[in-house]
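Take a look at the structure below.
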Amino acid sequence: VQLQASGGGLVQAGGSLRLSCAASGGTISRRGMGWFRQAPGKEREFVAVIRWGGGITHYADSVKGRFTISRDNARNTMYLQMNSLKPEDTASYLCAATKTGSSYPYKYDYWGQGTQVTVSS
């Protein structure tokens, strides 16, 4: 499975962005899908996950109530709607696929390249 993340950009604090993760070479309908982020000099950080078989979601405390993860299996695409963005959300955002769903990066089998999100104050 190849994953392609897009939708990043420069936005002012309080603004919104919608990230997309398009999959090819395989279906995501039976996979857990996650978003992670990584800022320069920092470790990769879990953001959100959506499990398959019911679409149960889980968020990092730092984004809960502001970000929403969703999936469109017909389009083989996952999304991350980010509202009320803060400067501390600035990072490269990566999408990933796993068997069921997890907040641990090592459990993911496939990774897309990052899309940069920069939030100015």
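Numbers here simply count residues along the sequence, with the first being 1. All heavy atoms count here, side chains included; hydrogens, waters and symmetry mates do not.
- For the pair S29 (side chain) and N73 (backbone), a donor-acceptor distance under 3.5 Å is absent.
- Cluster membership for V49 and M78, using ILVMFWY side-chain heavy atoms within less than 4.5 angstrom, is not shared.
- The shortest heavy-atom contact between L17 and V11 is CD1-CG1, 4.1 Å.
- At least one side-chain heavy atom of V47 sits under 4.5 Å from a side-chain heavy atom of L80.
- Under the 4.5 Å side-chain heavy-atom criterion for Ile, Leu, Val, Met, Phe, Trp and Tyr, V117 and L94 are members of distinct hydrophobic clusters.
- Remark: the backbone N or O of S16 is not paired with any side-chain donor or acceptor of N83 at under 3.5 angstrom.
- No continuous path of hydrophobic side-chain contacts links Y108 to L19 [ILVMFWY only; heavy atoms under 4.5 Å].
- Each of F67 and F46 belongs to its own hydrophobic cluster when Ile, Leu, Val, Met, Phe, Trp and Tyr are linked at side-chain heavy-atom distances under 4.5 angstrom.
- Here Y93 pairs with nothing under the ring pair (Phe, Tyr, Trp, His ring centres under 6.0 Å) rule; sequence neighbours left out.
- A pairwise comparison of heavy atoms in L3 and A97 identifies CD1-N, 3.8 Å as the closest pair.
- The CH2 atom of W52 sits 12.5 Å away from the OG1 atom of T98 when rounded to the nearest 0.5 Å.
- Put simply, CE on M33 and SG on C95 are 5.5 Å apart, with the number rounded to the nearest 0.5 Å.
- In this structure, R18 satisfies the cation-pi test against Y79, with its NZ or CZ atom closer than 6.0 Å to the six-membered ring centre and inside 45 degrees of the ring normal.
- Between the side chain of R51 and the main chain of G101, a donor-acceptor pair closer than 3.5 Å is present.
- Counting only residues at least two apart or on different chains, the salt bridge (Lys or Arg N to Asp or Glu O under 4.0 Å) pairs with a member in residues 98-119 are R31-D109.
- When ring centroids are compared, F36 and W111 come within the 6.0 Å threshold.
- When all heavy atoms of I28 and A23 are compared, the closest pair comes out as CG2-CB, 3.3 Å.
- T90 places no side-chain N or O within 3.5 Å of a backbone atom of T118 that could act as its donor or acceptor partner.
- Side chain of E43 to backbone of Q38: no donor-acceptor contact under 3.5 angstrom is found.
- By the neighbour-count criterion of 12 heavy atoms within 6.0 Å, atom NZ of K64 is densely surrounded, having more than that number from other residues, nucleotides or ligands.
- Heavy-atom minimum distance, P87 versus A13: CD-CB, 4.1 Å.
- Nearest heavy atoms, Y59 versus A48: CD2-CB, 3.6 Å.
- You'll find the side chain of E45 reaches within 4.5 Å of the side chain of S62, heavy atoms only.
- For residues 72-92, the set of pairs meeting the salt bridge (Lys or Arg N to Asp or Glu O under 4.0 Å) definition, not counting sequence neighbours, comprises R37-D89, R66-D89, D72-R75.
- Looking only at side-chain heavy atoms (C-beta outward), V119 and Q12 stay at 4.5 Å or farther from each other.
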